[in-house]
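Down below is the structure, laid out as structure tokens.
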Amino acid sequence: MKLLRQQDDRYEFLLGRREHHVFREVLRTFPVTPLEHHRVTRGETTPALAGAQQLLHEALGDWKQSARRRVEAFLADLRRFAPLGERVRATFTREEMEWLLQVLNDVRVGSWLQLGCPDPDTGQRPQLTPQNARYLPLMEAAGAFEFALLAALDGTEGVGWGAARE
């Protein structure tokens, strides 16, 4: 995913065909992070916090349902992704990119949880099983797309991982 140009609040990216397919597949998996992962506090939930925890779960559940519908509409919008030979040009507004970052982060974090919370800094490897193996490429791809969007929003040149090679 390579930033081609940015004008006002519109960002235009170039994706390779396979990269475009992966981008769409990553978005289709949303939501991945379970509601139970989100907590009001890191400590034990006291009776006083139980209401706040329930309210958080309800609000996040509503947001995820709304975002899921938005993902479906986003992917159905054929004007958003324009074929350019063997590549695809995608155009997003700044607001859409910020929303995409939230969706991609849910996929990345949810995948990380499914893999047993691996931590390369401590040498903890993903706990791969036949049931969760699909989450490793999902986690990596979501992170790569997040990086490209953040680099574009930051105004720095991101490292494309697909469009330049395809």
Take Arg79 and Asp77, measure what salt bridge (Lys or Arg N to Asp or Glu O under 4.0 Å) needs, and give me the verdict at the end. CA-CA 6 Å; Arg79 295 170 294 152; Asp77 182 359; 3.5 Å; yes
Using salt bridge (charged side-chain N to carboxylate O under 4.0 Å, His left out) as the criterion, list what pairs up with Glu140, not counting sequence neighbours. none
Would you mind reporting whether Glu95 and Asp9 have side-chain heavy atoms less than 4.5 Å apart? no
Do the non-hydrogen side-chain atoms of Leu84 and Val88 ever get within less than 4.5 Å of each other? no
Please round to the nearest 0.5 Å and tell me the distance separating atom OG1 of Thr129 and atom CZ of Arg134. 11.0 Å
Measure the shortest side-chain to side-chain distance between Arg80 and Thr91 over non-hydrogen atoms and say whether it is less than 4.5 angstrom. no
Any heavy-atom pair between the side chains of Phe13 and Leu149 that's under 4.5 Å? yes
Just how far is it from atom CZ of Arg5 to atom CZ of Arg10, taken to the nearest 0.5 Å? 12.0 Å
Closer than 3.5 angstrom, by distance alone: can the side chain of Ser111 be matched with the main-chain N or O of Val107 as a donor-acceptor pair? yes
Do Leu100 and Leu27 come close enough that some side-chain heavy atom pair is under 4.5 Å? yes
Would you check if the side chain of Gln114 reaches a backbone N or O of Ala133 as a donor-acceptor pair within less than 3.5 Å? no
Report yes if some heavy atom in the side chain of Met1 is under 4.5 Å from a heavy atom in the side chain of Phe147; otherwise report no. no
Which word best sums up how the rings of Phe81 and Phe23 line up, parallel for under 30°, tilted for 30 to 60°, or perpendicular for over 60°? perpendicular
Checking side-chain contact (heavy atoms from CB on, under 4.5 Å) for the pair Val32/Trp112: CA distance, chi angles, key distance, verdict? CA-CA 10 Å; Val32 179; Trp112 176 75; over 6 Å; no
Taking all atoms of both residues into account, what is the closest heavy-atom pair of Pro118 and Pro126, and its distance? CB-N, 3.6 Å
Considering all heavy atoms, the nearest Ala141-Val26 contact: CB-CG2, 3.8 Å
Which distance, rounded to the nearest 0.5 Å, do you find between the CG of Leu128 and the CG of Leu136? 5.5 Å
Looking only at heavy atoms, which two atoms of Phe145 and Glu19 are closest? And how far apart? CZ-O, 3.7 Å
Does Arg94 pair with Asp8 as a salt bridge, N-O distance under 4.0 Å? no
Interatomic spacing from CD in Gln102 to NZ in Lys64 - rounded to 0.5 Å: 11.5 Å
Can you confirm whether Val22 sits close enough to Leu15 that some side-chain heavy atom of one is under 4.5 Å from a side-chain heavy atom of the other? no
Separation between CG (Leu113) and CE (Met139), nearest 0.5 Å, reads 10.5 Å
Rounded to the nearest 0.5 Å, how far apart are CZ of Arg18 and NE2 of His21? 11.0 Å
Please report the shortest heavy-atom distance between Gly143 and Arg108, naming the atom on each side. CA-CD, 3.7 Å
Taking the ring of Phe92 and the ring of Phe74, is the distance between their centroids below 6.0 Å? yes
Main-chain N/O of Phe30 paired to Arg68 side chain as donor or acceptor, under 3.5 Å: yes
Nearest heavy-atom neighbours spanning Thr93 and Tyr11: C-CD1, 4.4 Å
If I compare all heavy atoms of Gln127 with all of Asn132, which pair ends up nearest, and what's the gap? O-ND2, 2.8 Å
Is the shortest heavy-atom distance from the side chain of Arg17 to the side chain of Arg87 under 4.5 Å? no
Sequence neighbours excluded, the answer for side-chain hydrogen bond (donor to acceptor under 3.5 Å, both in side chains) partners of Arg28 is Glu25
Heavy-atom donor-acceptor pair, Asp106 side chain to Thr33 backbone, under 3.5 Å: yes
